[in-house]
Amino acid sequence: MSAFPTPLQKNDPQVQHLVAVIGKQFAVQGEFVGGGEIDSGHINSTYTGTFRQADGTLRRYIFQLINRNVFKDPFVVMHNVERVTRHINDKVLRVKKDLGGQTLNLYPARSGDAWIEDAAGGVWRCYNFIEGCVTYDIVENTRQAYQAARAFGSFQDLVSDLDASTLRETIPDFHNTRKRFEHLMEVAAADPLGRLAAVRPEFDFICQRENLTSVLLDGMAAGLLPMRVTHNDTKINNVMIDAETDEAVCVIDLDTVMPGLALYDFGDLVRTATSPAAEDETDLSKVQMQMPMFEALVEGYLDSAGSFINEAEIDHLAFAGKLITLEVGIRFLTDHIEGDVYFKTHRPNHNLDRCRTQLKLVELIEAREAEMNAFVRKVRRGSH
Ligand code: ADP
Ligand code: GN1
Ligand code: MG
């Protein structure tokens, strides 16, 4: 029996036990042979479980514990995820007549529900494991950037006819940058752990850019930027990329799919795909805004979303990259000052380190924004 290409299995007995206990409550077939933890996301707890089928082959599944601190109502999250996965699967099936590539599917619990609740009240779900693919925390080449952007544009297209009123808001005001800014002001005023003094430069950097936080909200209020059903968490490790061909196969992490601006999705791609440095890199000289990556994102996104997004949206593509990077910088700094209550952290000052890379990237985008806008204009002219 051949091993799987990605080394996900860890021999931690606690993880093995956990996955075995959770796994048997879902309608997955076969005998449990092992489990492992995946620690790339900042929010949920994600595990993989491998099961031997009657014919001897191995099949993997994802078991995920929804973060209840972040998602106050996990059943609302499950409602949306069920709606979205069903919509996409029905549509792909109608158009392609088979599920050809791979799409994300929920496996129900043996009880018939789409989730299980553990003894501690934790809500778990089970997905098919998207095989043959990897996720990248850092993009390696422009092909991956192009593919990821095209995949998120296609995703927006796929959910464009999903009745937004049937989706619930899983995190209120998720991308309301102005409210994120105001929340930072409140947390800084309270300064519960006395951390503000040491982060004055970062705090001041953000305050100097307060005027940016309302730009897209104003565009929305003026009717220039339409609300659409969007993904809202398009960081690069939320798209599964074929390990051999670098083709984007499937968009994952659907917990924040809800009405939003297309620009939030494009902006987060810029944030996570243009720099060769890790989000928590402490050597800030490694943070870069790589123009070829930005160009590939624009091309990939316009290839799939260009037919439905409007002129005002296109005009703000580069700006959205800057804004979402600033927004996530604001969120990391807020969490640092508040005492690391939201994002998972793995070392002291982890959120502060993350904040610093974001603010550095904002600065680099500012320095090249005119060039970025010129590229967008060039592509737009070419497509007319
Ligand atoms: P979080 O909300 O914590 O970011 P994700 O849903 O993004 O959780 O999952 C974390 C990681 O687990 C992803 O970046 C990806 O590497 C892996 N993963 C999640 N779902 C799947 C899946 N269906 N198939 C394969 N890997 C997955
Ligand atoms: C979180 O879940 P994950 O790791 O894909 C966060 C995003 C942030 C991102 C920063 C629900 O994304 O909003 O942009 O971290 N997700 C949630 O890396 O808050
Ligand atoms: Mg994720």
Side-chain angles (χ1 to χ4, degrees), residues 18-19 22 25-26 37-48 61-88 104-109 111 113-128 135 152 155 159 162 164-177 179-180 183-184 187 227 229-235 237-239 251-261 264-265 268 272 279 324 327-328 330-332 334-336 338-346 350-351 354:
L18 178 67
V19 179
I22 297 298
Q25 298 175 65
F26 282 96
E37 186 169 4
I38 303 179
D39 55 15
S40 66
H42 290 345
I43 304 295
N44 296 309
S45 300
T46 307
Y47 301 87
T48 174
Y61 298 88
I62 289 284
F63 299 100
Q64 208 167 39
L65 173 65
I66 300 176
N67 184 328
R68 254 198 135 123
N69 183 38
V70 166
F71 298 104
K72 303 298 178 205
D73 188 340
F75 304 107
V76 162
V77 173
M78 288 310 295
H79 165 88
N80 280 11
V81 171
E82 281 187 272
R83 282 287 291 123
V84 173
T85 50
R86 199 175 325 122
H87 180 84
I88 291 179
L104 203 57
N105 286 288
L106 283 168
Y107 278 81
S111 66
D113 291 332
W115 61 83
I116 63 136
E117 261 184 279
D118 65 19
V123 175
W124 293 77
R125 63 190 164 205
C126 172
Y127 287 121
N128 55 317
T135 52
F152 280 114
F155 179 87
V159 293
L162 181 58
S165 68
T166 64
L167 293 178
R168 316 225 183 111
E169 211 174 14
T170 56
I171 301 180
D173 293 317
F174 190 57
H175 279 300
N176 186 321
T177 318
K179 286 206 175 152
R180 296 283 188 189
H183 184 53
L184 171 62
V187 169
M227 282 292 253
V229 175
T230 48
H231 185 281
N232 293 308
D233 191 359
T234 59
K235 79 196 249 191
N237 67 17
N238 285 334
V239 56
V251 162
I252 58 166
D253 204 344
L254 307 179
D255 298 335
T256 50
V257 176
M258 50 188 171
L261 295 182
Y264 298 147
D265 286 357
D268 209 42
T272 56
E279 193 184 55
I324 293 299
E327 180 185 285
V328 175
I330 291 173
R331 292 175 61 195
F332 284 142
T334 307
D335 203 26
H336 174 73
E338 251 187 325
D340 308 309
V341 293
Y342 185 94
F343 296 103
K344 285 189 195 166
T345 52
H346 307 290
H350 207 169
N351 276 314
R354 290 169 175 155

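Given the structure is predicted, the values throughout are model-derived calculations rather than measurements. What you see below is based on every heavy atom in this structure, not just the backbone, and it leaves out hydrogens, waters and symmetry mates.
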Does a side-chain heavy-atom distance below 4.5 Å link [X] with [Y]?
{"X": "Asp118", "Y": "Trp124", "answer": "yes"}
{"X": "Val77", "Y": "Thr256", "answer": "no"}
{"X": "Ile62", "Y": "Asn128", "answer": "no"}
{"X": "Phe332", "Y": "His350", "answer": "no"}
{"X": "Ile88", "Y": "Val159", "answer": "yes"}
{"X": "His175", "Y": "Ile324", "answer": "yes"}
{"X": "Gln25", "Y": "Phe63", "answer": "no"}

Can you name the residues that form a side chain to side chain donor-acceptor pair (under 3.5 Å) with [X], not counting sequence neighbours?
{"X": "Asn176", "result": "none"}
{"X": "Asp335", "result": "Asn351"}
{"X": "Ser40", "result": "none"}
{"X": "Thr46", "result": "Gln64"}

Rounded to the nearest 0.5 Å, what separation is found between the [atom1] atom of [X] and the [atom2] atom of [Y]?
{"X": "Asn67", "Y": "Ser45", "atom1": "CG", "atom2": "OG", "value": "7.0 Å"}
{"X": "Arg331", "Y": "Thr334", "atom1": "CZ", "atom2": "OG1", "value": "9.0 Å"}
{"X": "Asp253", "Y": "Thr135", "atom1": "CG", "atom2": "OG1", "value": "10.5 Å"}
{"X": "Arg86", "Y": "Asn105", "atom1": "CZ", "atom2": "CG", "value": "11.5 Å"}
{"X": "Leu18", "Y": "Tyr47", "atom1": "CG", "atom2": "OH", "value": "5.0 Å"}
{"X": "Ile252", "Y": "Thr85", "atom1": "CD1", "atom2": "OG1", "value": "13.5 Å"}

Quick one: closest heavy-atom pair of [X] and [Y], and the distance?
{"X": "Ala109", "Y": "Ile116", "result": "CB-CG2, 3.4 Å"}
{"X": "Thr230", "Y": "Pro259", "result": "OG1-C, 4.1 Å"}
{"X": "Phe71", "Y": "Ile43", "result": "CE1-CG2, 3.7 Å"}
{"X": "His346", "Y": "Arg354", "result": "CD2-NH2, 4.4 Å"}
{"X": "Ile171", "Y": "Met258", "result": "O-CE, 3.5 Å"}

Counterpart residues, ring-ring contact (aromatic ring centres under 6.0 Å, His included), relative to [X] (two or more places apart):
{"X": "His231", "result": "Phe152, Phe155"}
{"X": "Phe174", "result": "none"}
{"X": "His87", "result": "none"}
{"X": "Tyr127", "result": "none"}

Look only at the side chain of [X] and the backbone of [Y], and say whether a donor-acceptor pair between them is shorter than 3.5 Å.
{"X": "Asp268", "Y": "Lys235", "result": "yes"}
{"X": "Arg168", "Y": "Phe75", "result": "no"}
{"X": "Asn232", "Y": "Val257", "result": "no"}
{"X": "His79", "Y": "Thr166", "result": "yes"}
{"X": "Asn80", "Y": "Leu167", "result": "no"}

Can you list the residues that meet the salt bridge (charged side-chain N to carboxylate O under 4.0 Å, His left out) rule with [X], with sequence neighbours excluded?
{"X": "Arg125", "value": "Asp255"}
{"X": "Asp173", "value": "Lys179"}
{"X": "Asp233", "value": "none"}
{"X": "Glu338", "value": "none"}

Given ring pair (Phe, Tyr, Trp, His ring centres under 6.0 Å), test Tyr61 with Phe26 step by step and report yes or no. CA-CA 10 Å; Tyr61 298 88; Phe26 282 96; 9.3 Å; no
